[in-house]
A.B. asks: 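Handing you this structure, nothing more for now.
Fair warning: this is a prediction, and the values are worked out from it, not measured in the lab.
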Amino acid sequence: VPVTENAVYTGGFELVPRTYTVTWVIDTDERKETFTTEWRYGDMPVFEGDISVLSDMYIYRFSKWDKTLAPVKKDVTYTALYRKIPLATCGNTVLDIEHNETEVKVFAIGVEVSVKEAALLAYETGKTLTVCWNDLLSVSFSGEELQHYVDCGTPNLKLQVSQEGNLEV
């Protein structure tokens with residue numbers, strides 16, 4: 001358009017922030033999920049979902065993301081890294097476990113068992129920890145007793161025979 005006199009032109013614009021996709025991956029033997037979230041350029045992404053993974057015999061303790069979280073500058077994927085830890089063991093043998101709404105139950109074999117992760121799971125979820133050796137003997141911890149066991153570092157439980165000939169833990 002030719003300019004033949006003074007004129008004022010008014011323009012407008014809409015500022016649209018750049019956004020990028022952050023993908024969060026949970027990939028274990030027990031759980032495979034992908035979450036996607038949108039973040040604005042320069043924002044620090046935060047995972048806001050449930051990162052826990054639990055199976056019948058193992059707990060997966062979150063270690064870290066596969067790369068250091070950084071302000072968003074492009075589409076990026078973070079994968080959760082875990083330590084797979086048996087809930088209970090006897091030597092190198094992983095013990096069978098049942099857990100329901102009220103109890104974490106360990107089926108012990110052998111004389112000495114480690115139930116550290118099972119105890120922590122029971123404690124963290126407000127359940128009772130029960131360790132049983134077939135029909136011979138069982139021991140249960142709950143409430144303050146379980147808290148004391150956890151506070152003491154969850155020492156291994158040993159099955160032994162007392163001087164009177166009774167089985168005891």
Side-chain angles (χ1 to χ4, degrees), residues 22-37 39 43-71 76-169:
V22 175
T23 304
W24 309 92
V25 177
I26 296 174
D27 186 3
T28 69
D29 297 338
E30 305 300 323
R31 181 177 173 197
K32 297 183 184 319
E33 283 187 80
T34 301
F35 303 88
T36 56
T37 53
W39 293 85
D43 285 350
M44 180 62 83
V46 176
F47 182 73
E48 296 174 344
D50 178 12
I51 203 162
S52 63
V53 179
L54 177 66
S55 73
D56 288 340
M57 297 168 51
Y58 294 91
I59 190 161
Y60 293 77
R61 294 272 184 210
F62 175 76
S63 297
K64 62 181 183 176
W65 295 105
D66 65 329
K67 56 180 89 55
T68 302
L69 296 180
V76 64
T77 298
Y78 294 102
T79 301
L81 301 177
Y82 293 89
R83 290 180 302 129
K84 181 180 179 181
I85 305 168
L87 290 170
T89 59
C90 178
N92 291 328
T93 303
V94 176
L95 301 177
D96 287 334
I97 306 277
E98 283 182 5
H99 37 98
N100 58 39
E101 294 154 6
T102 61
E103 179 182 50
V104 175
K105 188 173 188 178
V106 176
F107 296 94
I109 58 170
V111 174
E112 185 173 354
V113 296
S114 169
V115 295
K116 178 180 181 176
E117 294 299 326
L120 291 173
L121 174 63
Y123 178 72
E124 291 167 357
T125 57
K127 298 178 183 178
T128 297
L129 170 66
T130 301
V131 181
C132 59
W133 284 265
N134 294 323
D135 294 328
L136 299 174
L137 181 69
S138 67
V139 61
S140 293
F141 301 92
S142 61
E144 288 181 14
E145 195 173 54
L146 179 58
Q147 181 179 352
H148 179 71
Y149 180 63
V150 168
D151 289 346
C152 289
T154 61
N156 289 354
L157 299 177
K158 289 185 181 182
L159 188 62
Q160 57 192 23
V161 179
S162 69
Q163 291 180 348
E164 296 82 25
N166 299 319
L167 283 176
E168 60 185 25
V169 177

A.B. asks: Of all heavy-atom pairs between Met44 and Ala70, which one has the smallest distance, and what is that distance?
C.D. replies: SD-C, 3.7 Å

A.B. asks: Just say parallel, tilted or perpendicular for the rings of Phe141 and Tyr149, cut-offs at 30° and 60°.
C.D. replies: parallel

A.B. asks: Do the side chain of Trp24 and the main chain of Val46 share a donor and acceptor less than 3.5 angstrom apart?
C.D. replies: no

A.B. asks: Do Phe47 and Thr37 make a side-chain contact, defined as non-hydrogen atoms from C-beta onward lying under 4.5 Å apart?
C.D. replies: no

A.B. asks: Find the distance between OG (Ser142) and CD (Gln147) and round it off to the nearest 0.5 Å.
C.D. replies: 11.5 Å

A.B. asks: Okay, side chain of Lys127, backbone of Asn100: is any donor-acceptor separation there less than 3.5 Å?
C.D. replies: yes

A.B. asks: Begin from the C-alpha positions of Asp96 and Glu98 and carry the test side chain to side chain contact (heavy atoms under 4.5 Å, CB included) through to its verdict.
C.D. replies: CA-CA 7 Å; Asp96 287 334; Glu98 283 182 5; over 6 Å; no

A.B. asks: Which atoms form the tightest heavy-atom contact between Gly110 and Cys90, and what is the distance?
C.D. replies: CA-SG, 3.8 Å

A.B. asks: Restricting to non-hydrogen atoms, name the atom on Ala119 and the atom on Thr154 that form the minimum distance, rounded to 0.1 Å.
C.D. replies: CB-CG2, 3.8 Å

A.B. asks: Show the numbers, then the answer: is there a side chain to side chain contact (heavy atoms under 4.5 Å, CB included) between Ile97 and Tyr58?
C.D. replies: CA-CA 9 Å; Ile97 306 277; Tyr58 294 91; over 6 Å; no

A.B. asks: Rounded to the nearest 0.5 Å, what separation is found between the CG atom of Leu54 and the CD atom of Glu117?
C.D. replies: 10.5 Å

A.B. asks: Using modelled atom types only, decide if a donor and an acceptor are shared between the side chain of Lys67 and the backbone of Thr77 within a distance under 3.5 Å.
C.D. replies: yes

A.B. asks: Using every non-hydrogen atom in the two residues, find where Tyr60 and Asp29 come nearest and quote the distance to one decimal.
C.D. replies: OH-CB, 3.4 Å

A.B. asks: Hey, what do you get for CG (Leu129) to CG (Leu121), rounding to the nearest 0.5 Å?
C.D. replies: 9.0 Å

A.B. asks: Indicate the atoms forming the closest heavy-atom contact of Lys105 with Cys132, along with that distance.
C.D. replies: CE-SG, 3.6 Å

A.B. asks: Go through the steps to decide whether Trp133 and Val113 satisfy the test side chain to side chain contact (heavy atoms under 4.5 Å, CB included), and finish with yes or no.
C.D. replies: CA-CA 10 Å; Trp133 284 265; Val113 296; 4.0 Å; yes

A.B. asks: For the backbone of Ser55 and the side chain of Arg31, can you confirm whether one donor and one acceptor N or O come within less than 3.5 Å of each other?
C.D. replies: no

A.B. asks: Taking side chain to side chain contact (heavy atoms under 4.5 Å, CB included) as the criterion, tell me which of Asp66, Thr36, Thr79 meets it with Val25.
C.D. replies: Thr79

A.B. asks: Take Trp65 and Ile51 through the test side chain to side chain contact (heavy atoms under 4.5 Å, CB included) and record every step on the way to the result.
C.D. replies: CA-CA 11 Å; Trp65 295 105; Ile51 203 162; 3.7 Å; yes

A.B. asks: At their closest point, which heavy atom of Gly91 faces which heavy atom of Thr89, and how far apart are they?
C.D. replies: O-CB, 3.8 Å

A.B. asks: If I take atom CG from residue Leu87 and atom CE from residue Met57, how far apart are they, to the nearest 0.5 angstrom?
C.D. replies: 8.5 Å

A.B. asks: Return yes when atom NZ of Lys84 has more than 12 non-hydrogen atoms of other residues, nucleotides or ligands closer than 6.0 Å, and no otherwise.
C.D. replies: yes

A.B. asks: Which distance, rounded to the nearest 0.5 Å, do you find between the CG of Leu81 and the CG of Asp27?
C.D. replies: 10.5 Å

A.B. asks: Return the CD1 to OG1 distance between Ile109 and Thr93, rounded to the nearest 0.5 Å.
C.D. replies: 5.0 Å

